[in-house]
Each structure stands twice: as structure tokens, then as C-alpha cells.
Amino acid sequence: MRKSDFVLRNDVAEWFSKPLHELLRLASATHKKYFPDGEIFLNTLVSYKTGGCGEDCAYCAQSSRHIENSQKAVFLSEEEILEEARLAKESGAGRVCISASWRKVPNNEEFEIVLSAGRKIRAMGLDVCATLGTISESQLLQMQDAGFSAYNHNVDTGENYYPKIITTRTYSERLETLKRVQSSGMHCCSGGIIGLGESLDDRIDMLHVLADREEPLFTVPLNVLVPIPETPLENVEPIEFWDLLRVISVARIIMPKTRICLAAGRAEMTDEQQVLCFMAGVNAVFAGEKLLTTQNNNLYKDKSVFEKLGLIIK
Ligand code: SF4
């Protein structure tokens with residue numbers, strides 16, 4: 001049985017057409033209703049395999065098709081993953097997400113390392129999740145056994161615009177992965193990127209597909225494109241901050257129970273812009289200096305903003 005209400009595309013489009021001040025007010029009220037305690041969830045991303053990816057995602061520094069020095073993958077050892085998890089715990093993060101630049105999760109000793117590291121991170125008292133690419137049912141079961149509670153697989157953008165960004169994996173393959181994750185009983189996370197050159201319609205499509213799930217998503221990571229030299233999107237026109245704020249507000253209204261996570265692009269924002277994002281419904285961020293290949297916010301600076309706002313770090 002479907003656990004979330006149907007969300008119609010027309011309704012999403014209507015929200016986007018509202019004046020921003022009205023959206024912000026409603027998003028803020030929705031946020032307060034569903035997350036009354038003013039919590040901010042701190043996640044840390046640990047990249048087990050970086051680079052050497054054969055996919056052609058037009059924004060990505062890890063694609064060997066775009067970036068000369070990304071031909072070869074770099075792996076962390078299990079001990080290095082655990083060391084990063086320990087540092088994350090010390091700095092107050094409650095969740096570690098292990099990432100790998102795979103198209104499809106392999107059934108080999110590399111996956112065994114992810115499982116083993118996940119087990120040990122869980123034993124440290126941290127929540128552990130992963131974003132590893134297309135994954136099978138049996139691999140999801142192995143991850144659950146190892147203590148992973150969530151799996152992330154982004155849709156990146158709306159279905160119509162998607163072929164301009166990625167040609168090596170279909171949109172329906174992504175949606176199939178999301179279905180498998182939701183059927184497995186693990187928390188499912190999925191989000192996308194704003195500023196890929198997409199239109200308003202594409203943003204509406206993306207939020208609609210994220211909101212219209214059998215079960216509400218656990219987390220929706222929203223990224224702002226950080227253009228990477230040598231990628232096809234290196235010269236794309238930057239978006240206005242207000243466009244992001246509108247996307248966050250609509251996301252909060254149509255996905256009231258979901259954690260909205262401000263991911264890449266936060267380092268480029270002022271404190272005041274981030275505060276507006278928190279008021280509009282963001283209640284999770286990635287902590288740590290690096291977010292895969294892009295710069296992220298310094299945790300001490302983050303904490304001072306959270307303290308000023310009276311947000312409770314989780
Ligand atoms: S986004 Fe993921 S799948 Fe796409 S090129 Fe980068 S690492 Fe590969």
C-alpha cells in the first residue's frame with residue numbers, strides 16, 4: 001500500500017508560480033510542523049573510490065570521459081575509511097555516507113570492504129549509509145545485514161533534460177534502483193542538482209519525481225552545480241540564489257516528512273543565504289572540508305551559524 005499521498009505535477013508547477021515570500025512562509029510553517037525541534041542533521045561523505053568512472057555525467061570531476069587526470073580510480077583502505085568516520089564522529093556528525101564512483105556495485109572484494117567498513121562504523125554508534133551506483137536486491141540485503149540504514153541514488157534532474165546531462169545510464173534505470181531500495185526496506189535518499197542549464201519545467205519534473213514515491217524519501221540532497229574545468233558544464237551560467245530558495249521551499253512543502261539536505265554549492269554561499277535556506281526547510285548538511293571533489297564548509301564556521309540560529313546538531 002502506498003504510504004505517501006499522490007503528488008501531481010500540476011500542483012508542483014503551481015507551487016513554483018507562487019510569490020517567493022508566500023512560499024517561504026508556508027515552507028517554514030511546514031518545516032516547523034514536521035520537524036518541530038529545530039534539528040540540523042550533520043552527514044559526512046567518505047569517498048571510498050574516487051575517479052576513474054566510465055559514466056559521462058556532464059558535471060562530474062570523476063568521469064574519465066571528461067577529465068584527463070581522472071582516468072585512474074583512487075581507493076581508500078578500510079582503515080582510512082574508518083579514520084575518516086572517527087574524525088566525523090569527533091566533529092559531531094551522526095551519519096557517515098560511503099560513496100564510490102561505480103556505475104554498478106561490483107560483487108567483489110571492493111564491495112566486501114564497503115560492507116566491513118559499514119559494520120565497524122555502525123559499531124562506533126554512527127548511522128551509516130552509502131551511494132555506490134546501481135545496486136541489486138541481494139547487495140541491498142547484504143548492506144542491511146551489515147547495518148547500513150539508507151541508500152542514496154540521485155535522479156540528478158528532470159527526465160526530459162536528463163539525456164543532455166547523462167547518456168550512459170537511463171533515467172528509468174535510476175528509477176528502478178530507487179524502487180529496489182524502497183522495496184528492500186532501507187531508507188531511500190535521492191536528489192539532484194540545480195544549475196545544470198535546466199529550465200523551470202525540468203526543476204518541476206525533478207521535484208515531482210522525487211515527491212511522487214510510494215513512500216516518502218528519507219533525504220533529498222539538493223546540490224548547486226559547482227562548475228568543474230574540463231567538464232562540458234564548465235561554462236554554464238550560474239543560477240541566482242533565489243532560484244535555489246524557491247526549489248528548497250517547494251521541496252519542503254511537497255515532501256514535508258523528508259530531510260532536505262543542502263549539499264554541493266554551500267561553500268559558495270554567504271552565511272545569510274544559508275540561514276534563508278534553513279528557514280525555507282533545509283534540515284541536513286554535509287559536514288567536512290570536502291564534498292567528493294568540491295570544497296565544502298568548515299565545520300567550525302558551520303557550528304557558529306547553527307549556534308546563532310539555535311539549531312540543535314544531530
Ligand atoms: S556522477 Fe557518479 S556515475 Fe556520474 S561520472 Fe560522476 S562518479 Fe560517475
Side-chain angles (χ1 to χ4, degrees), residues 12-43 45 92-93 154 157 189 191-196 198-200 202-204 206-207 210-211 217 219-227 236-289 291 294-314:
V12 183
E14 204 177 316
W15 285 119
F16 268 96
S17 71
K18 301 264 184 219
L20 186 56
H21 75 91
E22 205 179 302
L23 267 184
L24 276 172
R25 269 207 293 255
L26 190 63
S28 200
T30 310
H31 192 173
K32 180 147 178 56
K33 180 172 173 197
Y34 287 87
F35 294 95
D37 300 330
E39 297 158 325
I40 183 93
F41 297 92
L42 283 194
N43 306 327
L45 199 57
N154 288 339
T157 187
C189 309
I193 309 172
I194 315 297
L196 300 170
E198 76 284 353
S199 65
L200 174 59
D202 300 318
R203 289 178 193 159
I204 294 169
M206 180 180 88
L207 287 196
L210 294 173
L217 291 170
T219 301
V220 167
L222 292 174
N223 300 272
V224 179
L225 178 75
V226 179
V236 79
E237 194 70 26
I239 58 154
E240 287 204 22
F241 170 71
W242 309 112
D243 293 338
L244 171 69
L245 204 55
R246 194 174 282 280
V247 170
I248 291 169
S249 305
V250 175
R252 171 49 69 221
I253 293 166
I254 64 175
M255 292 179 274
K257 298 176 186 159
T258 296
R259 294 181 186 181
I260 307 291
C261 178
L262 192 53
R266 200 163 62 88
E268 283 71 24
M269 290 178 200
T270 63
D271 287 354
E272 290 77 8
Q273 286 175 330
Q274 288 186 65
V275 168
L276 278 170
C277 295
F278 299 135
M279 301 306 291
V282 164
N283 60 347
V285 294
F286 281 101
E289 303 275 333
L291 203 51
T294 62
Q295 207 56 37
N296 195 30
N297 282 32
N298 174 292
L299 185 64
Y300 294 102
K301 196 164 164 276
D302 271 347
K303 281 186 174 166
S304 92
V305 175
F306 301 153
E307 274 166 23
K308 274 184 207 136
L309 284 177
L311 292 172
I312 300 158
I313 299 174
K314 284 288 187 182

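Sequence positions, counted from 1, serve as the residue numbers for this chain.
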Looking only at heavy atoms, what is the nearest atom pair of [X] and [Y], with distance?
| X | Y | result |
| --- | --- | --- |
| Lys18 | Arg246 | O-NH1, 2.7 Å |
| Val224 | Met269 | CG2-CE, 4.3 Å |
| Ser249 | Ala280 | OG-CB, 3.7 Å |
| Phe241 | Gln273 | CZ-O, 3.3 Å |
| Val247 | Leu207 | O-CD1, 3.7 Å |
| Ile248 | Cys277 | CD1-SG, 3.6 Å |

Discussion item. Run Leu222 and Met206 through side chain to side chain contact (heavy atoms under 4.5 Å, CB included) and show every step you take.
Written reply: CA-CA 11 Å; Leu222 292 174; Met206 180 180 88; 4.2 Å; yes

Discussion item. Evaluate Leu210 against Ile254 for side chain to side chain contact (heavy atoms under 4.5 Å, CB included), listing each step before the verdict.
Written reply: CA-CA 9 Å; Leu210 294 173; Ile254 64 175; over 6 Å; no

Going from [atom1] on [X] to [atom2] on [Y], what distance comes out if it is rounded to the nearest 0.5 angstrom?
| X | Y | atom1 | atom2 | result |
| --- | --- | --- | --- | --- |
| Leu20 | Trp242 | CG | CH2 | 7.0 Å |
| Trp15 | Ile204 | CH2 | CD1 | 13.5 Å |
| Ile312 | Glu307 | CD1 | CD | 12.0 Å |
| Thr219 | Asn43 | OG1 | CG | 6.5 Å |
| Lys303 | Ile40 | NZ | CD1 | 13.0 Å |
| Leu245 | Glu240 | CG | CD | 12.0 Å |

Worksheet item: Step by step, would you call Asp302 with Arg266 a salt bridge (Lys or Arg N to Asp or Glu O under 4.0 Å)?
Response: CA-CA 10 Å; Asp302 271 347; Arg266 200 163 62 88; 2.8 Å; yes

Main-chain N/O of [Y] paired with [X] side-chain donor or acceptor, under 3.5 Å:
| X | Y | answer |
| --- | --- | --- |
| Asn283 | Ile260 | yes |
| Glu198 | Leu196 | yes |
| Thr30 | Ile253 | no |
| Ser28 | Arg25 | no |
| Asn223 | Ile193 | no |
| Asn154 | Gly191 | yes |
| Arg252 | Thr258 | yes |

Practice prompt. Decide side chain to side chain contact (heavy atoms under 4.5 Å, CB included) for Phe306 and Val285; before the verdict, give the C-alpha distance in whole Å, the side-chain angles of both, and the deciding distance to 0.1 Å.
Written response: CA-CA 11 Å; Phe306 301 153; Val285 294; 3.9 Å; yes

Worksheet entry | Worked verdict on Leu24 versus Met279 for side chain to side chain contact (heavy atoms under 4.5 Å, CB included) | CA-CA 8 Å; Leu24 276 172; Met279 301 306 291; 5.7 Å; no

